[in-house]
Protein chains: 2
Amino acid sequence: MAANEDPKAVAELLWGLRKAPSRGPRPAFDVTQIADAAVKVADAEGLEAVSMQRVAAELGFTKMALYRYVNDKAELIAVMIEAAVGAAPDLSGIAGWRAKLEEYARELSAAWRHHPWLPSITAGDRVMGPRETAWPESALSALADTPLTERERLDAIMLVSNHIRATHAAAIPGTQTWTSGEAAPIMRDLLLLNADRFPLLATTHATPSATTTQEFGLHAILDGLEHAITQRTPKG
Amino acid sequence: MAANEDPKAVAELLWGLRKAPSRGPRPAFDVTQIADAAVKVADAEGLEAVSMQRVAAELGFTKMALYRYVNDKAELIAVMIEAAVGAAPDLSGIAGWRAKLEEYARELSAAWRHHPWLPSITAGDRVMGPRETAWPESALSALADTPLTERERLDAIMLVSNHIRATHAAAIPGTQTWTSGEAAPIMRDLLLLNADRFPLLATTHATPSATTTQEFGLHAILDGLEHAITQRTPKG
DNA sequence: GAACAACTGTGTCCATCAGACACTGTGTAT
DNA sequence: ATACACAGTGTCTGATGGACACAGTTGTTC
């Protein structure tokens, strides 16, 4: 559980700056095969099933062989992410920043739906690979014609991405927050039992609505951004 | 690393439904002392330093003694959360839903600042204890006089909470996104080296701004909610 | 008061994890 | 031909969460 967390080494790995050796036996595989195998395990059995042992077994090699390609497990995770994120969407064919951002959110959500373990580990300070980096680049393009400052554009796309991330679990099939998962029904019973202490929560029966939690939040965020944009746009 | 994840058992623990035994030796301590010790470790050395061994040592007992009070580590985490979350804010003295939500966001942010490990583990489907449950109850009170539906109110407060959670790390002292952490400067160098592939990101020099990332997002969210609220409010 | 049953904390054991290190074998450069 | 750099393997360590048997303690029941 050490996970060296050496961002410089991770960067060299992800951006192809590792020097290829000239002498010695040919490697039996490469780092992308490791990444693919690990992604396969994570997709099938969850991220917690991904161990050096398990991934090595998937490739038919011993655990320690992986350490020739990857310094530690943190690097394994890094290449997994880079392998699992798909191609960033091209938003140039869409008119208007709002439609672009909506499409971006949809694409992001779809990518994460294919790899449910992805959103949780892509949070926080981290070195991204080139494929992943293309995503925020794409998102920024949506706001290019906007009067927002560079800083605000960055904040705006993080706001959208973080919202999709947070609502990801609740947005999976047709489930909704407070009604999905196995903890939710128990939580509901507890609230009803303690309705005197938590009247607002207890009476919130998760009324079915036309929009999902994810849609509601995205809509609100975009409305808020629109407000900021029109405010900065000189009228006339 | 099993973590039984039995939400029913967790609920019994957190809501005080565990039957107290009548016979046998008196317990040397109780579950709240375990929780406090674990919180102390997490605050000082991070969540990853919290192991059964470590917490038991803190109390001067063996690891296995803890299992008399807690079924597994998942329950340890659960009582840690309940012990660490402070008292939910009372928003009744504040006028207007927007000011109330702003205060709520501030309080939430402050609570998490005292326990930086808290936001990451409080995400997702989970059984909450009574102290923690008081928080969303408090947040809902901010929107009570609002024309939003129950569902929308829930979605709204989750939107705010999730935003605070996501921007928490970046909001710590005076740091900003893309400039905090040890990965950020490396990421920056990579972007400059590959400015042709990522022109928008590369030229985004994280221009200093008056507002923080957290403030910008919260402002946008509240603007969006205001839009939804005024839209539903019959004019005249 | 004695016997019993419930309960306590302890000691021992196991599987699994990430990772260090020594080793044998292999291919290339000299 | 020989030396060297590299490959994958086997073995070991320390930490993890947790199962289980055990001896000691205490309230309940006779």
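We name chains A, B, ... by the order of the sequence lines, and we start the count at 1 in each one.
Counted by atom type alone, B:Thr213 and A:Arg151 present one or more donor-acceptor pairs between their side chains at under 3.5 Å.
Atom C1' of nucleotide C:dT10 and atom CG of B:Leu59 are separated by 15 Å, given to the nearest angstrom. Between A:Lys19 atom NZ and C:dT28 atom P there is a gap of 20 Å when expressed in whole angstrom units. A straight line from CG of B:Leu66 to P of D:dT16 spans 13 Å, rounded to a whole angstrom. Atom CD in A:Gln53 sits roughly 12 Å away from atom P in D:dG10 (whole-Å rounding). As a whole-Å value, the separation of B:Asp72 CG from D:dG17 P is 11 Å.
Of all the residues in residues 34-48 of chain B, not one reaches under 4.0 Å from DNA chain D with any non-hydrogen atom.
The side chain of A:Lys73 lies closest to C:dA18, out of C:dT8, C:dG9, C:dA18. Proximity note for A:Pro27 (side chain, C-beta onward) versus D:dA7, D:dG17, C:dT8: the nearest is D:dA7.
For D:dG8, the OP1/OP2 oxygens have no side-chain nitrogen or oxygen of A:Thr62 closer than 4.0 Å. The phosphate of D:dA7 (OP1 or OP2) has no side-chain N or O of A:Tyr69 nearer than 4.0 angstrom. Between A:Tyr67 and D:dA7 there is no side-chain N or O to OP1 or OP2 distance below 4.0 Å.
Listed by chain and residue number, nothing satisfies the salt bridge (Lys or Arg N to Asp or Glu O under 4.0 Å) test with A:Glu137 (two or more places apart in sequence, or in another chain). Legend: residues meeting side chain to side chain contact (heavy atoms under 4.5 Å, CB included) with B:Glu107, ordered by chain and number and at least two apart, are B:Pro89, B:Glu103, B:Trp135. For the side chain to side chain contact (heavy atoms under 4.5 Å, CB included) test, residues two or more places apart in sequence or in another chain that qualify with B:Ala156 are A:Phe216, B:Leu143, B:Leu225. Remark: B:Arg165 engages B:Thr122 in a side chain to side chain donor-acceptor pair (under 3.5 Å) (not counting sequence neighbours). Partners of A:Arg126 under the salt bridge (Lys or Arg N to Asp or Glu O under 4.0 Å) rule, at least two apart in sequence or in another chain, are A:Glu132. In this structure, B:Ser161 has no side chain to side chain donor-acceptor pair (under 3.5 Å) partners at least two apart in sequence or on a different chain.
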Requested in this report: Using a 4.0 Å heavy-atom cut-off, write out nucleotides 20-30 of chain D from 5' to 3' as B (base contacted by protein), S (sugar-phosphate only) or - (no contact).
Outcome: B---BBBBS--
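The residue among B:Ala20 and B:Gly60 whose nearest nucleotide of DNA chain C lies closer to the 5′ end is B:Ala20.
Each salt bridge (Lys or Arg N to Asp or Glu O under 4.0 Å) pair with one or both residues in residues 27-45 of chain B, not counting sequence neighbours, appears once here: B:Lys40-B:Glu58, B:Glu45-B:Arg54.
Here A:Glu75 pairs with A:Arg18 in a salt bridge; the nearest charged N to carboxylate O distance falls below 4.0 Å.
The base of C:dG19 sits within donor-acceptor range of the side chain of A:Lys63, with an N or O pair under 3.5 Å.
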